[in-house]
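Working notes, beginning with the structure itself.
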2 protein chains.
Amino acid sequence: MLHHSISENFPNHFQRESLDLVGNLLPLSSSGFYLVGPDMRHRGVVLRNLPAQVEQEYTRHYRELDPLRPALFERTDTRVVCMDERLTEAELLASEYYQQFMLPLNHRHVADMFFRSDDDIIAVLTMLRAASLGPFTPAELALLRTLQPFLDFTLSSVYLPRRRRERATLGQRHDLTDRELDVAELILAGASNKAIALELGLSVATVKTHLQHVFRKVGVASRTALSARLLGDLGSRNTER
Amino acid sequence: MLHHSISENFPNHFQRESLDLVGNLLPLSSSGFYLVGPDMRHRGVVLRNLPAQVEQEYTRHYRELDPLRPALFERTDTRVVCMDERLTEAELLASEYYQQFMLPLNHRHVADMFFRSDDDIIAVLTMLRAASLGPFTPAELALLRTLQPFLDFTLSSVYLPRRRRERATLGQRHDLTDRELDVAELILAGASNKAIALELGLSVATVKTHLQHVFRKVGVASRTALSARLLGDLGSRNTER
DNA sequence: GCCCGCATCATCCCTTTGGTGGATACCGGC
DNA sequence: GCCGGTATCCACCAAAGGGATGATGCGGGC
């Protein structure tokens with residue numbers, strides 16, 4: 001079953017290009033690009049100059065403490081946000097988030113760029129600086145705010161069509177309904193039934209029903225086999241001809 | 001996480017190229033290329049002119065009845081085998097395998113090409129003909145036997161290094177031991193714990209222990225999340241730099 | 001010799017998943 | 001109006017997976 005590999009390699013490639021761009025335009029200690037929202041079924045994170053386990057730690061312990069966490073900006077149209085604009089130096093230095101998470105990584109300044117689809121934040125580009133690099137200046141923030149619409153455009157004009165194409169491929173090959181494709185995509189993202197139910201606003205029972213149908217149609221017996229198989233399908237575009 | 005996608009797209013690409021080659025050299029109704037053995041952790045099948053569910057049916061019901069099934073040739077050095085050389089016409093036509101499986105697909109002649117690694121068959125290229133195309137001639141079989149070593153060479157000189165590279169990538173990124181990589185690869189192939197235990201000659205308990213360690217090191221909580229994450233890792237080669 | 005990492009297996013316990021058989025509701029076509 | 005497909009949910013059960021802990025053996029370094 002595996003594995004596939006899809007030829008172009010999106011969204012990772014887009015994430016890497018974006019990080020390269022901002023990293024070339026302004027000095028950064030490290031950076032990261034997260035795909036998070038419900039529209040970004042192919043979640044993932046690309047990090048620059050950060051050990052991989054930082055992401056785990058953040059997700060597990062520090063996401064809720066993050067003064068710039070996306071949840072705080074859900075119903076706004078904020079596109080670029082900067083830690084130094086939200087907290088005074090005293091507040092930041094005293095915060096658990098800084099002491100426990102930022103300080104050990106030698107981070108002092110943070111700016112985040114958000115990408116949305118219908119108000120939902122679907123991606124976050126985070127930029128980090130050690131104290132030695134100085135704060136993000138107003139000119140730099142203005143530059144980021146100028147940059148954001150273009151990155152946003154690229155994201156939605158290349159990622160979303162790709163996702164549609166993949167849905168169509170899998171849907172046609174295995175005769176899956178729309179809802180079944182929703183579930184299948186989340187399986188590919190590694191989600192549990194509970195997570196799928198939460199994400200799609202369903203009961204776990206419904207998720208299981210859809211999954212049963214998908215298993216039947218695709219001809220597998222477990223979620224793991226399903227994701228391996230579907231990845232294979234996406235990799236070999238002309239399996240049947 | 002997904003997804004990953006790896007840039008080159010092996011082994012599917014190799015399988016497709018091989019099928020194109022034999023399909024261009026001799027007339028075929030349909031064909032298929034299976035990666036099967038323990039060395040081919042990235043299993044998969046590519047089919048030409050065959051509906052996808054044929055593979056499921058074969059695996060579930062007819063593999064054991066196949067007069068050319070790889071198990072029969074395990075300890076030989078047979079490289080190309082032909083149904084008409086093994087069974088008389090009367091035997092074939094009377095067989096359940098022909099009546100139940102081949103006939104509905106309008107297949108009359110079959111030839112298989114095997115690929116090995118240390119006696120183990122790790123891949124099978126199967127070629128199928130309707131009666132109208134006539135049997136595989138001795139000249140055609142000789143051609144296939146000439147072709148086999150070259151395909152074999154390509155398989156082992158491009159697939160096996162790729163697998164080593166992927167093992168190294170994942171091993172270094174997450175500090176996995178050799179044995180942990182073995183089980184991780186099988187997770188990516190969609191295997192259950194029982195299947196992994198069987199394949200590696202371990203008890204299920206040991207598999208679970210290795211998996212626990214892998215989960216910890218990679219920072220996930222389930223096999224599904226693991227495979228999504230690892231596929232992402234393989235897709236983004238320069239995540240950390 | 002001792003310790004540590006690795007690999008192997010076991011036992012218990014709990015959660016998740018998979019399988020079956022329903023039920024309700026909406027919608028669209030014949 | 002009925003029927004079939006889709007989508008939603010429920011209950012129940014069995015199987016598999018996940019987590020904790022501990023035990024054994026083996027090999028390599030200090």
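Throughout, protein chains are lettered first and strands after them, A, B, ... in sequence-line order, and every chain is numbered starting at 1. These figures come from a predicted structure and were not determined experimentally. Worth knowing before you read on, the calculation uses all heavy atoms, side chains too, and leaves out hydrogens, waters and symmetry mates.
Side chains of A:His210 and A:Thr177: a donor-acceptor N/O pair is absent below 3.5 angstrom, by distance only.
Side-chain contact check for A:Leu28 versus A:Leu128: every heavy-atom pair is 4.5 Å or farther apart. Residues A:Ser227 and A:Leu230 form no side-chain contact, since every pair of their non-hydrogen atoms from C-beta on lies 4.5 Å or further apart.
Rounded to whole angstrom, the span from the NE2 atom of B:His213 across to the P atom of C:dG5 amounts to 12 Å. For the pair B:Leu200 CG and C:dA7 C1', the interatomic distance rounds to 12 Å; values are reported in whole Å.
Between B:Met113 and B:Leu151, the shortest heavy-atom contact is SD-CD1, 3.8 Å.
Between A:Tyr58 and A:Tyr34, the angle of the ring planes lies from 30° to 60°, which puts this pair in the tilted group.
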**Message:** Go through it in stages, so that I can follow the logic: the residues are A:Thr206 and A:Thr209, the test is side-chain hydrogen bond (donor to acceptor under 3.5 Å, both in side chains), and I'd like the CA-CA distance, side-chain angles, deciding distance and then a yes or no.
**Reply:** CA-CA 5 Å; A:Thr206 308; A:Thr209 306; 5.8 Å; no
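Direction of the helix axis in the helix from C:dG1-D:dC30 to C:dC30-D:dG1 shifts by 30° between the two five-pair termini, rounded to 10°.
Heavy-atom contacts of chain A under 4.0 Å fall on DNA chain D between two terminal nucleotides, which in 5' to 3' order are D:dT6 to D:dC10.
Here B:Thr78 pairs with B:Phe73, B:Thr76, B:Val81, B:Arg116 under the side chain to side chain contact (heavy atoms under 4.5 Å, CB included) rule; sequence neighbours left out. In terms of the side chain to side chain contact (heavy atoms under 4.5 Å, CB included) criterion, residue partners of B:Gln100 (sequence neighbours excluded) are, by chain and number, B:Tyr62, B:Glu96. Judged as a side chain to side chain contact (heavy atoms under 4.5 Å, CB included), and not counting sequence neighbours, B:Ala94 has no contacts.
The residue from A:Gln212, A:Glu180, A:His174 that alone fulfils the side chain to side chain donor-acceptor pair (under 3.5 Å) condition with A:Lys217 is A:Glu180.
Place B:Asp175 and B:Val207 on DNA chain C by their nearest nucleotides, and B:Asp175 ends up nearer the 5' end.
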**Request:** Using a 4.0 Å cut-off on protein heavy atoms (strictly under), produce a 5'-to-3' string for nucleotides 11-28 of chain C with B for base contact, S for backbone-only sugar-phosphate contact, and - for none.
**Result:** -----SSBBB--------
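For C:dG5, neither phosphate oxygen OP1 nor OP2 lies less than 4.0 angstrom from any side-chain nitrogen or oxygen of B:Thr177.
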